[in-house]
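Single-structure report; data block below.
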Amino acid sequence: MRRIAFIPVAAGIVIGITASLLVMFGNPGNMGVCVACFTRDTVGALGFHRAGIVQYIRPEILGFIIGALISAMLFREFKPRAGSTPFARFFLGMFAMIGALVFLGCPWRAYLRLAGGDWNAIAGIAGLVCGVLIGIFFLKRGFSLGRNRKTFMFAGYLMPILAVGLLILLITGIQFGKTPEGNPAPPVFFSSSGPGSQHAPLIISLIAGIVIGIIAQKSRFCTIAAIRDTVLLKDGHLLQGVIAFIIAAFVTNLFLGQFHPGFEGQPVAHTNTLWNFLGMVLSGLAFTLAGGCPGRQLILSGEGDSDAAVFVAGMAAGAAVAHNFSLASSGAGITSFAPYAVFIGLAFCVILGFTMRERG
Amino acid sequence: MKKTVDTRGYSCPEPVLMTKNAIASDENGELTILTDAGTPKENVTRFAEYSGYKVETEPFEDGFRLNLTK
């Protein structure tokens with residue numbers, strides 16, 4: 001297995017370059033693509049949390065789902081399926097999101113932060129690897145969320161339909177009037193300052209999202225499987241894709257003047273090494289137990305996988321919980337409540353890991 | 001008796017782990033693995049070939065039947 005894995009490497013290069021270009025076009029620093037942050041922003045735009053600086057319906061996320069649907073249709077891989085312990089997946093999504101928001105980024109962004117010179121990401125990536133290793137321990141003991149089953153065609157289309165619905169909300173920017181104080185009333189909030197206000201033009205973000213969605217569907221790009229399969233199966237083909245992704249983003253950042261090495265003053269990041277590490281241990285473990293990174297879950301949800309869609313719904317709920325319960329970190333550091341949430345999440349994952357065994 | 005492993009419906013990486021276990025206890029040098037289309041089929045095929053098996057693929061219901069022989 002020492003050959004160059006052409007498809008994952010090509011996918012990693014395209015996604016890495018695209019991510020850095022999205023920052024040039026206006027996305028927040030080292031956040032060309034972040035599934036956790038962008039899901040959080042989208043959830044905020046819908047008013048499920050009221051952190052005013054992180055509210056925007058991110059077209060990249062919608063594009064992932066739509067792109068995955070297009071690719072799955074094209075390659076005859078669209079298959080409506082459901083029923084593999086969905087509510088446990090919901091909680092895995094929720095805790096994965098909380099962990100990611102303590103660190104400030106999903107695994108994709110952890111690598112992008114590294115590629116932008118944010119050395120705080122190293123602790124996060126170390127935590128991620130650690131979380132995946134714990135997940136592998138459970139997988140080896142026979143951890144399983146059980147078998148899914150074929151389901152109705154319409155059920156498989158729900159996530160893509162939701163994506164199109166959100167896209168319509170974004171394009172029309174629909175407002176149901178204003179509050180007496182003159183603030184915009186629900187359903188849609190858009191940040192006027194902070195990371196939520198920083199975004200590439202809609203059409204560029206959407207096209208980038210769709211392109212990444214198609215490529216990721218076809219290449220099976222997964223930032224968790226990259227580590228998992230290398231350790232568990234001695235199969236490094238997805239790892240090659242992730243390494244290509246980091247290098248491509250790094251080189252593009254160099255060309256665009258977006259590489260700023262250091263620990264201090266990094267965009268949307270804090271310098272608390274311990275909690276950068278532990279936040280991502282939780283995330284990495286939850287993603288591993290659920291079978292893939294957040295990007296992969298979005299892609300699967302576009303392919304008709306209802307269980308992945310439930311995981312995404314869990315991530316959305318996790319984003320709301322993270323902000324409403326003051327668990328999400330900021331540039332200033334973690335909050336005083338975050339450690340409790342991370343430990344509860346880890347305990348949940350460990351209980352799941354020990355109790356849900358199917359294979360001997 | 002040729003062993004058949006039905007990996008359909010399981011999340012990654014379970015289909016490959018089930019295949020790995022079956023290969024570990026395989027005495028006849030032949031196995032049948034049922035997989036879903038897409039990722040599991042590719043992953044199981046890659047793993048089986050890496051483990052020294054020849055893989056023949058045929059469509060089966062909604063997925064694939066992979067015939068592994070040494």
Side-chain angles (χ1 to χ4, degrees), chain A residues 1-3 5 7 71-72 75-85 89 135-136 139-151 217-222 224-225 228-229 231-235 237-238 288-293 296-297 299-300 303-305 307-308 311 358-360, chain B:
Chain A
M1 300 241 175
R2 297 189 188 282
R3 289 170 306 166
I7 291 176
S71 181
F75 296 104
R76 298 172 157 271
E77 287 178 358
F78 184 81
K79 193 183 152 202
R81 51 201 192 269
S84 169
T85 327
R89 289 178 189 269
I136 288 174
L139 283 167
K140 279 189 166 171
R141 295 180 82 253
F143 172 80
S144 177
L145 291 171
R147 210 185 279 270
N148 66 34
R149 269 184 293 169
K150 188 179 171 181
T151 185
Q217 195 281 335
K218 191 56 203 158
S219 67
R220 328 299 187 201
F221 187 81
C222 177
I224 289 290
R228 182 196 68 203
D229 291 358
V231 176
L232 185 60
L233 306 168
K234 314 277 175 274
D235 175 355
H237 84 291
L238 288 174
T288 306
L289 295 182
C293 78
R296 182 77 188 138
Q297 302 282 353
I299 300 299
L300 288 170
E303 285 179 13
D305 185 337
D307 295 312
F311 183 92
E358 197 165 287
R359 294 164 293 110
Chain B
M1 172 72 188
K2 190 169 156 187
K3 193 172 172 188
T4 297
V5 182
D6 187 357
T7 71
R8 290 173 299 169
Y10 285 102
S11 307
C12 285
E14 293 175 57
V16 185
L17 286 177
M18 293 163 85
T19 306
K20 192 181 177 186
N21 288 345
I23 285 176
S25 60
D26 175 35
E27 289 164 1
N28 320 333
E30 54 176 5
L31 284 168
T32 300
I33 315 283
L34 305 178
T35 73
D36 290 317
T39 319
K41 170 175 164 268
E42 291 169 11
N43 288 350
V44 170
T45 303
R46 195 181 320 104
F47 183 81
E49 287 176 349
Y50 178 64
S51 307
Y53 285 80
K54 202 167 143 296
V55 181
E56 278 174 30
T57 306
E58 55 182 333
F60 176 74
E61 292 177 2
D62 284 327
F64 286 89
R65 186 205 307 270
L66 309 183
N67 293 310
L68 276 52
T69 44
K70 272 263 179 189

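All values derive from a computational prediction rather than experimental measurement. By convention in this document, chain letters (A, B, ...) are assigned in the order of the sequence lines, proteins followed by strands, and residues within each chain are numbered from 1.
Proximity to chain B involves both the backbone and the side chain of A:Leu232, based on heavy atoms less than 4.5 angstrom apart. Proximity to chain B is limited to the side chain of A:Arg296, based on heavy atoms less than 4.5 angstrom apart. At a 4.5 Å heavy-atom cutoff, the contact between A:Arg228 and chain B is made by side-chain atoms alone. If you measure heavy-atom distances from A:Arg220 to chain B, the contacts under 4.5 Å come from the side chain alone.
With salt bridges taken as basic N to acidic carboxylate O contacts below 4.0 Å, none links B:Lys70 and B:Asp26.
The side-chain hydrogen bond (donor to acceptor under 3.5 Å, both in side chains) check on A:Lys218 picks up nothing, with sequence neighbours excluded. In this structure B:Thr57 satisfies the side chain to side chain contact (heavy atoms under 4.5 Å, CB included) test together with B:Lys41, B:Val55, B:Phe64, B:Leu66, sequence neighbours excluded.
B:Tyr10 has its side chain out of reach of B:Leu17: every pair of non-hydrogen atoms, C-beta onward, lies at least 4.5 Å apart. The shortest side-chain heavy-atom distance between B:Lys2 and B:Asn67 falls under the 4.5 Å cut-off.
Most heavy-atom pairs under 4.5 Å with chain A: of the set B:Gly38, B:Cys12, B:Pro13, B:Ala37, this distinction falls to B:Pro13. Ranked by heavy-atom pairs under 4.5 Å with chain B, the first of A:Asp305, A:Asn148, A:Asp229 is A:Asn148.
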